[in-house]
2 protein chains.
Amino acid sequence: MDGRGTAGLLYLREEEIRFAMELLFYGYRDFTAGPDAILAELGMGRAHHRVLYFVGRHPGITVSELLAILRITKQSLGRVLQPLIAGGYVVQSRGRSDRRQRLLSLTSAGEALERRLFESQRALLARAFRDAGGPAVEGFRKVMLGLLGAEARARVGLRVSGAGAPVAGKVA
Amino acid sequence: MDGRGTAGLLYLREEEIRFAMELLFYGYRDFTAGPDAILAELGMGRAHHRVLYFVGRHPGITVSELLAILRITKQSLGRVLQPLIAGGYVVQSRGRSDRRQRLLSLTSAGEALERRLFESQRALLARAFRDAGGPAVEGFRKVMLGLLGAEARARVGLRVSGAGAPVAGKVA
DNA sequence: CTTGATATGTCAACGACACTGACGTATCCG
DNA sequence: CGGATACGTCAGTGTCGTTGACATATCAAG
């Protein structure tokens, strides 16, 4: 299988690892470039995008849960959430069972902006998927899943349904 | 090469795209967590890591070239490069053909630190590769390569061939 | 050899985004 | 009632990026 019939299965040479590292570095940067440009025009940044994304993904999410996903402090979230609320992108509502909670949701303006940001990345990702092909996409998911820590894997695993068998991973 | 509009092979549902987005978000964060922790003890940050990495990767690199790779300003680089030089991790030497250039290389201390940071990520990546399997790794590379812009693709592409890699060869 | 471009360094100010620490308030729960 | 929890906020700090301006050494060309 491997060109050089060296070791049997997967010979993890350093070069191979460094290649992957650079793919992650350049890939992540180029993947976020589109939204970054859009947000810059609105005086917002990547942090705003993350909030819009996860609030859109989990309508009615609590502040605590959002903090856990983003792994930032409430002070950091506040700095970015306040403008989003003031700008009419996000609304708060008090929890019905627990009135201390402020459940977050997107307004229609928030949904529109999130959609715009999403489409920018969707286009790039869809092209990469199409060019790579179905089996490659499946491999991409497997490898990326292996990079996630236990917490993130659990979070993302909740919706892994259609993505095929999850990686056989030991979650230390 | 741009077969637009057909959903034949790969049905790019939104859910699938969002799943990949989250893999990239969580994956990149968890992938950088190891080095971040090591660097924090040394009073350094991710920017220092990137300089160590690429200087180690390209010994004798010019400042201009490093700036082009990182896509930051020389002021930003200076703030991070100066401590690395003062700390004995990086050395400068004047270019032999062009004495205006300051060619950058790692000292043995720099190599040791870079190696330590590398090993932290290598362990995680190697485990993810092993768990996912060879074909999955190949798919991972294909998809990630598709996310790179032309410039980054050319940059990493320079060593896809020269690596003598068991990588199946052509890209995309 | 002067002249203009290039490679690099640096000062100064600023912005985004994270942090810690501390305090205040509303609400839940036992 | 009283402690724990959910959230908000003020104040200060640090990393890492930016723009703008200016200095210096060196190259390359007329």
Side-chain angles (χ1 to χ4, degrees), chain A residues 25 28-29 32-33 35-55 60-87 90-105, chain B residues 25 28-29 32-33 35-55 60-87 90-105:
Chain A
F25 170 67
Y28 191 77
R29 185 180 64 183
T32 53
D36 284 353
I38 295 171
L39 291 158
E41 294 173 2
L42 300 171
M44 294 193 269
R46 207 172 289 181
H48 301 80
H49 186 190
R50 293 197 275 256
V51 170
L52 285 171
Y53 182 90
F54 285 108
V55 170
I61 191 175
T62 66
V63 170
S64 297
E65 176 61 10
L66 185 53
L67 289 176
I69 288 176
L70 298 175
R71 283 199 203 156
I72 59 175
T73 60
K74 59 179 173 180
Q75 295 90 328
S76 293
L77 176 61
R79 187 164 22 78
V80 92
L81 182 57
Q82 225 20 76
L84 285 172
I85 292 171
V90 173
V91 281
Q92 293 174 312
S93 66
R94 309 184 85 102
R96 64 284 131 190
S97 60
D98 185 340
R99 287 169 44 82
R100 291 172 302 178
Q101 297 175 334
R102 303 299 151 86
L103 308 184
L104 305 173
S105 304
Chain B
F25 170 67
Y28 191 79
R29 183 180 65 183
T32 53
D36 284 353
I38 295 171
L39 290 158
E41 294 173 2
L42 299 171
M44 296 194 268
R46 206 172 288 180
H48 301 80
H49 186 189
R50 292 198 275 257
V51 170
L52 285 171
Y53 182 89
F54 285 109
V55 170
I61 192 177
T62 66
V63 170
S64 297
E65 177 62 11
L66 185 54
L67 290 176
I69 288 176
L70 298 175
R71 283 199 204 156
I72 59 176
T73 60
K74 60 180 173 179
Q75 294 91 327
S76 293
L77 176 60
R79 187 161 24 76
V80 94
L81 182 57
Q82 229 13 81
L84 285 172
I85 292 171
V90 173
V91 281
Q92 293 174 314
S93 64
R94 312 184 83 102
R96 63 286 131 192
S97 60
D98 186 339
R99 286 170 44 82
R100 292 172 301 179
Q101 296 176 334
R102 300 298 150 87
L103 309 183
L104 305 172
S105 305

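Since this is a predicted model, take the numbers as computed values, not measurements. Lettering of chains follows the sequences in order, A, B, ..., and the numbering in each one begins at 1.
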Please compare A:R100 and A:Q75 by the position of their nearest nucleotide in DNA chain C and report the one closer to 5'.
A:Q75
Separation of D:dT9 P from A:R79 CZ (nearest whole Å)
13 Å
Respond yes when some side-chain nitrogen or oxygen of A:H48 is under 4.0 Å from OP1 or OP2 of C:dC17, and no when none is.
yes
Over all strands shown, is B:Q92 touching base, sugar-phosphate only, or nothing at heavy-atom distances under 4.0 angstrom?
sugar-phosphate
Which one, D:dC16, C:dT10, C:dC17, comes nearest to the side chain of A:A47?
C:dC17
Tell me what A:G45 touches on the nucleic acid: a base, only sugar-phosphate, or nothing, going by heavy atoms under 4.0 Å.
sugar-phosphate
Taking the minimum atom-to-atom distance to the side chain of B:R102, which one of C:dA26, C:dT10, C:dT8 wins?
C:dT8
For atom CE of A:M44 and atom C1' of D:dG17, their distance in whole Å
19 Å
Please give, in whole Å, the distance from D:dC16 P to B:L84 CG?
10 Å
Considering all heavy atoms, the nearest A:Q92-A:L104 contact:
CG-CD2, 3.5 Å
B:T73 side chain N/O closer than 4.0 Å to the phosphate oxygens (OP1, OP2) of D:dG17?
no
Rounded to whole Å, CZ of B:R46 lies from P of D:dG17 at a distance of 10 Å
Which pair of non-hydrogen atoms, one from B:R46 and one from B:T32, has the smallest distance, and what is that distance?
NH2-OG1, 3.3 Å
Backbone N or O of A:V91 within a donor-acceptor pair of the A:S105 side chain at under 3.5 Å?
no
Indicate the atoms forming the closest heavy-atom contact of A:F25 with B:L70, along with that distance.
CZ-CD2, 4.4 Å
Rounded distance (Å) that lies between atom P of C:dA26 and atom CZ of A:R99:
12 Å
A:K74 NZ to C:dA22 P, straight-line distance once rounded to whole Å:
13 Å
Answer yes or no: does a side-chain N or O of B:S76 lie under 4.0 Å from OP1 or OP2 of D:dT18?
yes
What integer distance in Å separates B:I72:CD1 from C:dA16:C1'?
16 Å
Looking only at heavy atoms, which two atoms of A:H48 and A:G45 are closest? And how far apart?
ND1-N, 2.9 Å
For C:dA18, does either OP1 or OP2 sit under 4.0 Å from a side-chain N or O belonging to A:R50?
yes
Measure from CG on A:L77 to P on C:dA16 and round the result to the nearest Å.
17 Å
